[in-house]
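Here the structure is laid out as structure tokens; the discussion comes afterwards.
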Amino acid sequence: MLDMKLLRERTEFVRERLATRNAGDEARVSEVLALDESRRAALAEAEQLKARRNSTSKEIGGLIAQKRLDEAEAKKAEVRALGDRITELDKTAAHSEVARDSLLMMIPNLPHASVALGKDAADNPEIRVHGQKASFEFTPYNHVELCERLKLIDFARGAKLSGSGFLLYTGWGARLERALINFLLDLHQREHGYTEVAPPYIVGEHCMIGVGQFPKFRDQAYAVQEGLDTSTMGKLYLVPTAEAPVANIHREEILTEKQLPVRYCAYSPCFRAEAGAAGLGTRGMIRVHQFDKVELIKVVHPDQGYEELEKMVHNAETVLQRLGLHYRVINLCTGDMGFAAAKTYDIEVWAPGQGTYLEVSSCSNCEDYQSRRMNLRFKRESDGQNLFPHLLNGSGTALARLFVALVETHQQADGSIQVPEPLRPYLGTDVIPLAS
RNA sequence: GGAGGGGUGGCAGAGUGGUCUAAUGCGGCGGUCUUGAAAACCGCUGUGGGCUGACGCUCACCGGGGGUUCGAAUCCCUCCCCCUCCGCCA
């Protein structure tokens, strides 16, 4: 969430930055300020009265010790009256604070100054392009056709098991998926300096709030219930991304400055309800309820946030380069950015069978927006101050769409798929053969 | 699922209604002494909020929330977490 102090002291700046998102959030700023004002007023008065109550209570203790009971009783009556007023003021302060914070939780992060102004995806500037679109001397198949011919995925039975939007990987398909996961983890862990972690795939709602998924996007998550106990419903959620558990690893901690930067990579399946999303009715792997992903997370000093973001994007790009895939990097404009992000790069890989680019990675610096929500801090060595670090997350990369781009790009005239060199040791073959 | 035991500062650990402004020990930081170090001694050593131009003043926090009381680490209710044993289980 945003810094209340910033909101108070630089109100117009906050309004202007929010307005660039084109979502109307700037309209809520005055309401937040009013609630904050009412909270502080009540608090100031309550604390003054509490100071008096504390000192008088001590006097009462002294009077009782000296057996001056009448005087003690008189003071008791006096303090009792104070107590009623204190209760009232505490309630006002608490209510204002709850109202203020629940509003604040619904306000997105401020876009970084370097982010292009824009309304939607059409305004996203292209940053760079790698390679070029694959060309074929034959008519290339799309990934659905390839998966069926090579029996990589059994779409029908996936749907039979769990409904549309769920995939059953089979044979070489299952092995390719597993090979990719291992390749990605090894790459980031061995070559890019990330510490590998294997997080829970179910998290408490406080973690979802911490990364900014909740309260705004509660409808996108799969809530979990324990058996028949309906009272447990909605306390735990299937992770929509490994960001949810991994970014929260150090929540409510005060790290030393020396511990930074912290870099984690993690594999997890990702579960997305995709309520109301378009394109889910059709077959394929582009938009599904469950997919695999290797996620990159960094906790860094605020001075290094943007430098580390650039490195993270390059780490994700390396994946596509090694696999011989054509892609472009774009920078999300102010109107297209996610809720918690201050700046986001998307990486889109070319899928020749689809004839489109597919988003396989989204790398963001959320600055202190999430660390403030989860109360994650570090102690600055020079003056002992506790500061909020920058929190970064990026896909390194999403698997299902990477799978699509890979099979579509490396398909051969004979119907087989050429396995990119770095993947061969993982898969144990150079070629995925046409199914008999 | 059943039974029991716990949750207090960076750590260990006392405190069961009133100088708790939380003892004591360890660790850490600074100082004295020393050529240097150790030892010894002295001092400091949590988090968040509010008020103030500032020096400062003040409030809250002993797992979370609520209650009793003039006053709560301490009593009551409730929730969470951890540990031990039993049962079930990959």
Side-chain angles (χ1 to χ4, degrees), chain A residues 1-9 32-102 104 198 200-210 224-237 245 248-259 368 371-389:
Chain A
M1 68 186 156
L2 297 179
D3 181 5
M4 198 56 231
K5 219 163 159 185
L6 185 76
L7 229 94
R8 275 208 297 263
E9 288 166 11
V32 172
L33 283 174
L35 287 164
D36 183 59
E37 185 53 45
S38 120
R39 169 182 174 269
R40 278 154 60 223
L43 213 56
E45 194 184 339
E47 288 183 357
Q48 230 175 333
L49 296 180
K50 280 180 189 176
R52 235 167 80 198
R53 179 175 70 182
N54 286 348
S55 60
T56 312
S57 286
K58 263 178 201 164
E59 289 173 31
I60 292 173
L63 290 172
I64 291 175
Q66 296 170 45
K67 303 259 193 254
R68 292 155 68 181
L69 299 181
D70 290 351
E71 288 168 70
E73 284 306 317
K75 295 249 183 210
K76 276 192 194 181
E78 185 191 322
V79 178
R80 206 170 336 205
L82 278 184
D84 294 344
R85 178 71 183 140
I86 289 171
T87 306
E88 198 179 308
L89 288 164
D90 273 348
K91 260 185 197 143
T92 306
H95 285 152
S96 300
E97 184 171 330
V98 167
R100 180 196 71 178
D101 288 348
S102 57
L104 215 45
Y201 301 151
I202 296 178
V203 293
E205 71 174 331
H206 58 291
C207 290
M208 297 290 268
I209 291 169
V224 171
Q225 174 179 305
E226 283 179 35
L228 300 174
D229 184 356
T230 53
S231 75
T232 62
M233 183 62 189
K235 291 191 172 164
L236 296 171
Y237 293 83
N248 278 287
I249 286 175
H250 297 292
R251 76 187 336 267
E252 291 152 51
E253 292 181 21
I254 301 173
L255 304 173
T256 62
E257 192 170 350
K258 274 203 216 81
Q259 281 175 275
D368 59 1
S371 49
R372 182 172 279 108
R373 279 178 169 240
M374 56 181 76
N375 202 19
L376 161 61
R377 290 160 295 170
F378 74 96
K379 192 174 282 293
R380 190 205 270 151
E381 258 174 46
S382 57
D383 59 359
Q385 268 222 57
N386 292 331
L387 305 174
F388 293 105

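All values derive from a computational prediction rather than experimental measurement. Below, read A as the first sequence line, B as the second, and so on, with proteins coming before strands; counting in each chain starts at 1.
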On RNA chain B, check which nucleotide each of A/N375 and A/A46 is closest to and give me the residue with the more 5' one.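 Result of the comparison: A/N375.
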5' priority, RNA chain B, between A/S55 and A/K235 [closest heavy atom]: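 First, find each residue's nearest nucleotide; the 5'-ward one identifies A/S55.
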Assign A/R52 to base, sugar-phosphate, or nothing according to its heavy-atom contacts below 4.0 angstrom with the strands shown.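 Nothing, no nucleic acid heavy atom in range.
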Taking [atom1] from [X] and [atom2] from [N], how many angstroms apart are they, rounded to a whole number?
{"X": "A/H206", "N": "B/G64", "atom1": "NE2", "atom2": "P", "result": "15 Å"}
{"X": "A/L89", "N": "B/G50", "atom1": "CG", "atom2": "C1'", "result": "13 Å"}
{"X": "A/Q48", "N": "B/C57", "atom1": "CD", "atom2": "P", "result": "16 Å"}
{"X": "A/R39", "N": "B/A60", "atom1": "CZ", "atom2": "P", "result": "15 Å"}
{"X": "A/L49", "N": "B/A60", "atom1": "CG", "atom2": "P", "result": "12 Å"}
{"X": "A/L43", "N": "B/G50", "atom1": "CG", "atom2": "P", "result": "8 Å"}

Could you give me the stems involving RNA chain B, meaning stretches of three or more consecutive Watson-Crick or G-U wobble pairs whose two defining distances are both below 3.5 Å?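 Consecutive-pair runs (3 or more) involving RNA chain B: B:1-7 with B:80-86, B:10-12 with B:24-26, B:27-32 with B:40-45, B:46-51 with B:56-61, B:63-67 with B:75-79.
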Kindly indicate whether the side chain of A/Q259, heavy atoms from C-beta on, has any atom under 4.5 Å from the side chain of A/E253.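 No; the side chains remain at least 4.5 Å from each other.
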Can you find a pair of side-chain heavy atoms, one from A/N248 and one from A/L376, that are under 4.5 Å apart?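 Result no, sub-4.5 Å side-chain heavy-atom pair not found.
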To the nearest 0.5 angstrom, please state how far the CG atom of A/L387 sits from the CD1 atom of A/I254.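 Rounded to the nearest 0.5 Å, the CG-CD1 separation comes out at 11.0 Å.
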Give, for atom CZ of A/R377 and atom CG of A/D368, the distance between the pair rounded to the nearest 0.5 Å.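 Separation between the atoms: 12.5 Å.
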What distance, rounded to whole Å, do you find between the two [atom1] atoms, one in [N] and one in [M]?
{"N": "B/C62", "M": "B/A22", "atom1": "P", "answer": "13 Å"}
{"N": "B/A23", "M": "B/C33", "atom1": "C1'", "answer": "30 Å"}
{"N": "B/U58", "M": "B/A40", "atom1": "C1'", "answer": "40 Å"}
{"N": "B/U68", "M": "B/G17", "atom1": "C1'", "answer": "12 Å"}
{"N": "B/G67", "M": "B/C61", "atom1": "P", "answer": "13 Å"}
{"N": "B/C70", "M": "B/G7", "atom1": "P", "answer": "29 Å"}
{"N": "B/G5", "M": "B/G9", "atom1": "P", "answer": "22 Å"}
{"N": "B/U78", "M": "B/C85", "atom1": "P", "answer": "28 Å"}

Please determine if a side-chain N or O atom of [X] lies less than 4.0 Å away from the OP1 or OP2 oxygen of [N].
{"X": "A/R40", "N": "B/G49", "answer": "no"}
{"X": "A/K5", "N": "B/G49", "answer": "no"}
{"X": "A/R377", "N": "B/G48", "answer": "yes"}
{"X": "A/R100", "N": "B/G49", "answer": "no"}

Pairing of [X] and [Y] as salt bridge, 4.0 angstrom limit:
{"X": "A/R80", "Y": "A/D84", "answer": "no"}
{"X": "A/K91", "Y": "A/E88", "answer": "no"}
{"X": "A/E45", "Y": "A/R85", "answer": "yes"}

Step by step, work out the salt bridge (charged side-chain N to carboxylate O under 4.0 Å, His left out) result for A/K76 and A/E73. CA-CA 5 Å; A/K76 276 192 194 181; A/E73 284 306 317; 3.4 Å; yes
Using a cut-off of 6.0 Å, state whether more than 12 heavy atoms not belonging to A/E205 lie near its atom CD.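 Yes.
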Scan nucleotides 70-74 of chain B against the protein and return all N/O pairs shorter than 3.5 Å with their distances rounded to 0.1 Å.
residue, atom, partner, partner atom, Å
B/C70, OP1, A/R80, NH1, 3.2
B/C70, O2', A/S57, OG, 3.1
B/G71, O4', A/S57, OG, 3.2

